[in-house]
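The structure presented is a predicted model; accordingly, all values stated were derived computationally and were not measured. For ligands, and for the atoms within them, numbers begin at 1 and follow the listed sequence.
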Amino acid sequence: MTVAKLRELYVKFFESKQHLHHASGSLVPIDVTGRLDESLLFNGAGMVQFKPYFRGVAQPPQPRLVSVQKCVRTGDIDEVGDDSHLTFFEMLGNFSFGDYFKAEAIAFSWEFLTSPEWLGLDPTRLAFTVFTEDDVAYQAWSQHLSAAGIEPATRIFRLGEETNYWPAGAFSSGPPGPCGPNSEMFFWTSNNEPAPSGAYSREDYLRDEAEGKWLEIWNDVFIQYEWQGEHKNPERPNEGYRKTGMPELPFASIDTGMGLERTAAVLNSFRSVYDTDAFQPIIAKIESLSGAKYGVSEAGDRAIRVIADHIRTATFCIADGILPANNGRGYVLRRLIRRAVLKGQRHLGFSEPFLSEVFEPVLESMGDFYTVLGDQAPTVRQTLRGEEELFSRTLSRGMDLLEKMLSKGLRILPGADAFLLYDTYGFPLEVTTELCDEAGVVVDLEGFETAMAEAQERSRGASAMDSAYGGVTLAFEFEEGPTPTHFVGYEFGRAETVIVAALPELNEQGLGTGRFAVALRETPFYAESGGQTSDSGTIEGATFSLRVLDLVKQNGIFVHLVEPVAMRGMESLVGGNGEEIAQLLQEELFGQGVIATISIDRRNDIQRNHTATHLLHAALRHHLGKHVTQAGSYVGPHTLRFDFTHNAAIPVELLREIEQTVNAEVLENTPLVTYVDIPISEAKARGAMALFGEKYGDKVRMVEIGDFSRELCGGTHVAATGEIGLFKIVHEASAASGVRRIEAVTGRGAMSWVNDQVALASQAATLLKSTPKDLVHAIGKLQESLREERRARQKLAQQGSESVASGTDVNGVELITQRIAGSADDAKLLVDRLIEGKPARVVVLAAEAEGKVMFVGKVGADALAKGAHAGNVLKELARMTGGGGGGRAEFATAGGRDAAKVDEALQAAAGFLASMVK
Ligand code: SER
């Protein structure tokens, strides 16, 4: 049976049981409401995208769903290349949200596995595990086994949470999210032996399972609880979670997962998933490209399998918008690509990039079912090639270095060395570990971690992402929580309302800071969210006036951080005791009618930037490709910043085109249409882009700008694009590996940017005594005269160094005379240079420029002590050439007239000097 046929059968079976076929989610774990699941790097199970359905916070289109989910799991990466472990696989799953539960789910599984109409597997070759305490699941399997004439105790085994809880070990250690006990189904794959019969105990099962004779093919999870917890150490998420609670979900649900490749192998009596048609075309391609044969050597086979696995993972990741990077998902991708390249080079003799070619059979065999592969094919090929070339460039140098390290005969590779390979040569740690393993050397992993932590420490602060998106973090504990605020700021900039809560802001000593938090029944103030900055403005009551500085949203309550402009008792706010201030706020403010007004000009500025951000996002996808996804944004009054996934700097011309596309939309003056409370499925069907990290319910708000842009968005926007005025990109740079950042301005911000540029040009022109129009010409001229100046100096320096040879001894003083073509200034420079570090020297230069002669003389400290006098020497020389002048003993200048007499005069200098130094 082919994998395509198995997919089809599975979906058909569950459709016959009233399940609706739901599309696979992205490998980036975005749930059905468009929200990024922060607890996961990748989508690794069919249930991931459905978490809001399990929680009852969003409504599934139908209570029963069936899906084929693309999954990435890299936890078992070291085992990839054996018979059954993969980093990319497809999971077939059926789901019930508060509909059927354990007994029915187990009945469906039994029927699909054993019924001749469906998979028709031999029931004696099946075994089942259930969670220790799960008598209901045990009973359900028992009934089916007994009916098939099989003794239940020989086929059902009770195990702990490590295997029989989803996620594994979730009961004790999380991660946070919907969870519950599960029941796994195994197939006896040991082809040569008949399935065990007669007495067969739990111990027998555990032994055989460990030996790989039982292969897990399917898992039914009975979702009942929400595991709650927090990171033990937020700085090091790898250390896991601390449990804070595990409440029951509003209803019980079913989540199941059948491994497509494994089950296909079982159905075809193959030993390995790599024998299935999911892999055969890929393996054939690797064989033909490398000339190596599959099935000949163990190392060769393993290399081929690793490449065949990793290419699928890499391909699907890139198609879902993930790009190689040095952190997060991008880093996992990078590791997989590099590992595959290395395997190919070391074991299969590849010396040229090959991965993008191995992509072709993946596209051929899976492109029909996953159309995203075809859509993204150019990006996939280009990314694979780019990454492979990048790695190849440093690979051989890194390999040489590692070999050198290993040739020292060490037994442990120091962590710092492993880190050097990682950091400078791009060797993923497990690649280094693998290579060391082969040489019988152990890598000091702890040392590696330390080196890594130190490097991170060094680069902290260099990361622009750290602070760019940090808003205020206020945490006010309202004892009797006011009801969620009604936000009226989409329509109004002003609201007549009532204060429903007020709390002091306290410093670490518990004393008032002078500021406090206020909640209103309704508010026109937008609270920072989705990148859009909070509004500021005022709250005015009959007896007080407050300035709103900032806001946060807490459980639906808009918390206004304010400082009083006028208020009875406001003196006691700063430094006062917390309880007294709370009392004062209660008396003065609570229940008071107020008028809340936002700074409307500022809001308009923000809105222009927000709408422009949507236009920019769409324009980027248009010009750069659909792999562009938002990685962060900041929408403030003065500027907007947009971070997005893209691997290369954007050339200036392309940046101009992007800008022009946005401005063309501005000039269209397209009215914005906001759809409130439309079903998320409809928004998605219309191509709306979701902003990661935002919470969306089942009903969403969608902002549409003609046909150009549709985004799920809770922010505020201009009424029509023309309000933006002008959109101007002012900066483009890298924000992080694989992430670019664009900064732009609009409206008044663009106006002042333009004015600044004009002022700059005019200041520069004034300095150059030119006009802005002629600025370029003037700079050209300036550069030319600088070049001339430089040439002249070089010539001079040369003349100087030549003249050094011509020094003559005059009673222990070294005299240098020289005739140069240049001005007096040139001569002064040269004289300095020649005297520098030579205290016993006297230098006399004659500079000729435009028919005039200028003598410059300088005397070193020792020569001075011996009686040398520059002024007196020069006076004589000037006279000889019909001029005059003189000066101090250390330094003097004098003018001459008759250029024809210059040489003669210079020759006479020694005589004059000799008369002074004895
Ligand atoms: N979530 C479960 C698993 O991945 C069943 O789908 O095994």
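- Pairs engaging residues 165-175 under the side chain to side chain donor-acceptor pair (under 3.5 Å) rule: E161-S172 [sequence neighbours left out].
- A salt bridge is defined here as a Lys NZ or Arg NE, NH1 or NH2 lying under 4.0 Å from an Asp or Glu carboxylate O, and R334 with E387 meets this definition.
- For NZ of K626, the number of neighbouring non-hydrogen atoms (other residues, nucleotides, ligands) closer than 6.0 Å is greater than 12.
- Between F112 and F14, the two ring planes are tilted [angle within 30° to 60°].
- Protein neighbours of ligand 1 below 4.0 Å, counting non-hydrogen atoms: A45, M47, R73, M91, W166, N219, V221, D255, T256, G257.
- Screening residues 140-155 for side chain to side chain donor-acceptor pair (under 3.5 Å) gives W141-S183 as the qualifying pairs, with residues at least two apart or on separate chains.
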Kindly list each side-chain donor-acceptor pair under 3.5 angstrom involving residues 205-212, sequence neighbours excluded, with atom names and distances?
from, atom 1, to, atom 2, distance (Å)
R207, NH1, D204, OD1, 3.3
D208, OD2, Y200, OH, 2.6
E211, OE1, K213, NZ, 3.3

